[in-house]
Enquirer: 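Can you keep this structure in mind? I'll have questions shortly.
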Amino acid sequence: MKLKLKNVFLAYFLVSIAGLLYALVQLGQPCDCLPPLRAAAEQLRQKDLRISQLQADLHRPPPVPAQPPEPEALPTIYVITPTYARLVQKAELVRLSQTLSLVPRLHWLLVEDAESPTPLVSGLLAASGLLFTHLAVLTPKAQRLREGEPGWVRPRGVEQRNKALDWLRGRGGAVGGEKDPPPPGTQGVVYFADDDNTYSRELFKEMRWTRGVSVWPVGLVGGLRFEGPQVQDGRVVGFHTAWEPNRPFPLDMAGFAVALPLLLAKPNAQFDATAPRGHLESSLLSHLVEPKDLEPRAANCTQVLVWHTRTEKPKMKQEEQLQRQGQGSDPAIEV
């Protein structure tokens, strides 16, 4: 019996030793499980790295935003607007003044077609919050539109624009607001903004750094969707226009701005009231620049930022009927 137990024990021992030796041999063999384990370990390492980066970002102070130039460092934009008395005058001027109020470093030169300033315009300017100069000059009778004449027959706003140019050149005439013209050496740009157009505030950013005469398209003008310069390689090479394309400068009044130093250096440059139809802009620009030297703005004149809109003339039949009955609207209420 004892012999049999010894034999069993010996056999068990030998089998165990064989199994242990086999296991030891297998430990030295390559294992297919290692690549997935390595990939999982790498994913964990990448996640840990990303978590560390996010934690560092949370403790990092936010970047300082780029600061725009201080308003005092910007060239002043002198906006010249001729205006005349009519039912929609106040509505037009309120709309324009609120657009201009969005533009920093701007000086509004509002010129009435009148012998003297009117209470309506004076009050509007005072309430606008804008830096302004109020001027007034009456259009000579010979240059005024006659009853029934279309607006394009005679150039309008000529005397008023020239009055503003005179003020910029130190010839006085202000009846309200800022009386003193810009001092010598002032960096600025002059823009002629009629009171019935529509202006994007981006337009004023485009014109502010004008060196000579800058130009851009104008929408809804000349019977076209837009009129404006044609640009190639950053230079004006022609003009997209349908009416008298051979004009020296086939541009709308809203389609250009002039550097103030250039205007002051050309004291005789002004608008000519006797200029042929459509040549009013050319009568000024011909004294200032050659077409090849125009500075295209608004993404090389591919963006429209000003529109030649016009307010519809109100129909007052009911008002006239009530007035005949002595029941018209209260004239003391300003419209």
Enquirer: Which hydrophobic side chains are connected to L87, either touching it within the sub-4.5 Å cutoff or through other members that do?
Expert: M316

Enquirer: Does V175 sit in a hydrophobic cluster with other residues, and if so which ones, taking ILVMFWY side chains as linked at heavy-atom separations under 4.5 Å, directly or through other members?
Expert: none

Enquirer: Taking the side chain from S283 and the backbone from L280, do they hold a donor-acceptor pair closer than 3.5 Å?
Expert: yes

Enquirer: Is there a side-chain contact between S214 and F256 in this structure, where contact means two heavy atoms from C-beta onward sitting under 4.5 Å apart?
Expert: no

Enquirer: Does Y199 have R201 sitting over its ring (NZ/CZ under 6.0 Å from centre, angle to axis within 45°)?
Expert: no

Enquirer: Before you tell me yes or no, could you show the steps for H107 and V79 under side chain to side chain contact (heavy atoms under 4.5 Å, CB included), namely the whole-Å CA-CA distance, both residues' side-chain angles and the distance that decides it to 0.1 Å?
Expert: CA-CA 6 Å; H107 189 144; V79 175; over 6 Å; no

Enquirer: Got a donor-acceptor contact below 3.5 angstrom from the Q187 side chain to the P75 backbone?
Expert: no

Enquirer: Taking all heavy atoms of G170 and all of P181, pick out the closest pair and write down the distance.
Expert: CA-CG, 3.7 Å

Enquirer: Using the rule given for salt bridge (Lys or Arg N to Asp or Glu O under 4.0 Å), can you reason through E320 versus K317, listing the C-alpha separation, both sets of side-chain angles and the distance that settles it, and then say yes or no?
Expert: CA-CA 5 Å; E320 293 167 359; K317 289 185 178 179; over 6 Å; no

Enquirer: Looking at E244 and R247, does any basic side-chain N land under 4.0 Å from a carboxylate oxygen?
Expert: no

Enquirer: Of all the heavy-atom pairs spanning C301 and P229, show the shortest one and how long it is.
Expert: CB-O, 3.7 Å

Enquirer: Can you find a heavy atom in the side chain of L135 that is under 4.5 Å from one in the side chain of W167?
Expert: yes

Enquirer: Is there a side-chain contact between T210 and E295 (heavy atoms, below 4.5 Å)?
Expert: yes

Enquirer: Check the surroundings of atom CZ in R277: do more than 12 heavy atoms from other residues, nucleotides or ligands lie under 6.0 Å from it?
Expert: yes

Enquirer: Indicate yes or no for a side-chain donor-acceptor contact from R86 to the backbone of Y84 under 3.5 Å, with no hydrogens or angles considered.
Expert: yes

Enquirer: Rounded to the nearest 0.5 Å, what's the gap from CZ on R171 to CG on D166? Could you check?
Expert: 5.0 Å

Enquirer: Do R310 and E312 pass the salt bridge (Lys or Arg N to Asp or Glu O under 4.0 Å) test, and can you show the C-alpha distance, the side-chain angles, and the key distance before you say yes or no?
Expert: CA-CA 6 Å; R310 292 184 179 180; E312 181 182 6; over 6 Å; no

Enquirer: Please walk me through it: do S200 and Q303 pass side chain to side chain donor-acceptor pair (under 3.5 Å)?
Expert: CA-CA 11 Å; S200 166; Q303 296 177 347; over 6 Å; no

Enquirer: Is I77 close to R105 at the side-chain level, that is, under 4.5 Å between some pair of heavy atoms?
Expert: no

Enquirer: Backbone N or O of T118 within a donor-acceptor pair of the E112 side chain at under 3.5 Å?
Expert: yes

Enquirer: Does CD belonging to Q318 count more than 12 external heavy atoms closer than 6.0 Å?
Expert: no

Enquirer: Could you tell me whether the side chain of V213 reaches within less than 4.5 Å of the side chain of L285, counting heavy atoms only?
Expert: yes

Enquirer: Tell me which one of V94, V88, L96 satisfies side-chain contact (heavy atoms from CB on, under 4.5 Å) with E92.
Expert: V88

Enquirer: Can you establish whether the number of heavy atoms outside D233 located under 6.0 Å from its atom CG is more than 12?
Expert: no

Enquirer: Within this structure, what is the CG-CZ distance for the pair N197 and R95, rounded to the nearest 0.5 Å?
Expert: 9.0 Å

Enquirer: Around atom CZ of R235, are there more than 12 heavy atoms from other residues, nucleotides or ligands closer than 6.0 Å?
Expert: no

Enquirer: Using modelled atom types only, decide if a donor and an acceptor are shared between the side chain of R208 and the backbone of T76 within a distance under 3.5 Å.
Expert: no

Enquirer: When rounded to the nearest 0.5 angstrom, what is the spacing between CG in L124 and NE2 in H134?
Expert: 9.5 Å

Enquirer: Hey, are T83 and D195 close enough side-chain-wise for a donor-acceptor pair under 3.5 Å?
Expert: yes

Enquirer: Could you walk me through whether K90 and E334 pass side chain to side chain contact (heavy atoms under 4.5 Å, CB included), step by step?
Expert: CA-CA 9 Å; K90 185 176 182 180; E334 189 177 86; 2.8 Å; yes

Enquirer: Would you check if the side chain of D194 reaches a backbone N or O of D196 as a donor-acceptor pair within less than 3.5 Å?
Expert: no

Enquirer: Rounded at 0.5 Å granularity, tell me how far CG in L264 sits from CG in L168.
Expert: 7.0 Å

Enquirer: Check the angle between the aromatic planes of F204 and Y191 and answer parallel, tilted or perpendicular using the 30° and 60° thresholds.
Expert: perpendicular

Enquirer: Hey, what do you get for CD (E227) to CH2 (W243), rounding to the nearest 0.5 Å?
Expert: 10.0 Å

Enquirer: Same cluster for V189 and V215 if Ile/Leu/Val/Met/Phe/Trp/Tyr side chains link at under 4.5 Å?
Expert: no

Enquirer: Minimum heavy-atom separation for L109 and A164, please, with both atom names.
Expert: CD1-CB, 4.1 Å

Enquirer: So, taking the atom named CD in Q270 and the one named CZ in R169, what distance separates them when rounded to the nearest 0.5 Å?
Expert: 7.0 Å

Enquirer: With distance as the sole criterion, is a donor-acceptor pair present between the side chains of T274 and D272 under 3.5 Å?
Expert: yes

Enquirer: Please lay out, stage by stage, how R161 and M253 fare under the test side chain to side chain contact (heavy atoms under 4.5 Å, CB included).
Expert: CA-CA 11 Å; R161 296 185 186 98; M253 191 68 70; 3.8 Å; yes

Enquirer: Are I80 and W108 linked, directly or through intermediate hydrophobic residues, by side-chain heavy-atom contacts shorter than 4.5 Å (ILVMFWY only)?
Expert: no

Enquirer: Using modelled atom types only, decide if a donor and an acceptor are shared between the side chain of Q160 and the backbone of V137 within a distance under 3.5 Å.
Expert: yes

Enquirer: If you take all heavy atoms of A265 and P267, which pair is closest and at what distance?
Expert: O-CD, 3.3 Å

Enquirer: Salt-bridged, D113 to R144, with N to O below 4.0 Å?
Expert: yes

Enquirer: Please say whether more than 12 non-hydrogen atoms of neighbouring residues, nucleotides or ligands are located less than 6.0 Å from CD in E115.
Expert: no

Enquirer: Are any side-chain N or O atoms of N162 and backbone N or O atoms of F271, one a donor and one an acceptor, separated by less than 3.5 Å?
Expert: yes

Enquirer: Would you check if the side chain of T133 reaches a backbone N or O of E178 as a donor-acceptor pair within less than 3.5 Å?
Expert: yes

Enquirer: Are L74 and L203 connected, step by step, through hydrophobic side chains (Ile, Leu, Val, Met, Phe, Trp, Tyr) whose heavy atoms are closer than 4.5 Å?
Expert: no

Enquirer: Which heavy atom of S116 sits nearest a heavy atom of A136, and at what distance?
Expert: C-CB, 4.0 Å

Enquirer: Would you say the side-chain atoms of E319 and S329 include a donor-acceptor pair closer than 3.5 Å?
Expert: yes

Enquirer: Would you say S128 and L93 make side-chain contact, with heavy atoms under 4.5 Å?
Expert: no

Enquirer: Is it true that V306 and L284 fall in one hydrophobic cluster, defined by side-chain heavy atoms closer than 4.5 Å?
Expert: no

Enquirer: In the single-linkage hydrophobic clustering (I, L, V, M, F, W, Y; side-chain heavy atoms under 4.5 Å), do Y78 and L263 co-cluster?
Expert: yes

Enquirer: Could you report the tightest heavy-atom contact between P248 and S286, atom names first, then the distance?
Expert: CB-OG, 4.2 Å

Enquirer: Taking the side chain as C-beta and beyond, is there a heavy-atom pair between L260 and P182 under 4.5 Å?
Expert: yes

Enquirer: Does the side chain of K292 come within less than 4.5 Å of V236's, by heavy atoms?
Expert: no

Enquirer: Run through the side-chain heavy atoms of Ile, Leu, Val, Met, Phe, Trp and Tyr, join any pair under 4.5 Å, and report what else lands in F226's cluster.
Expert: L220, V304, W307

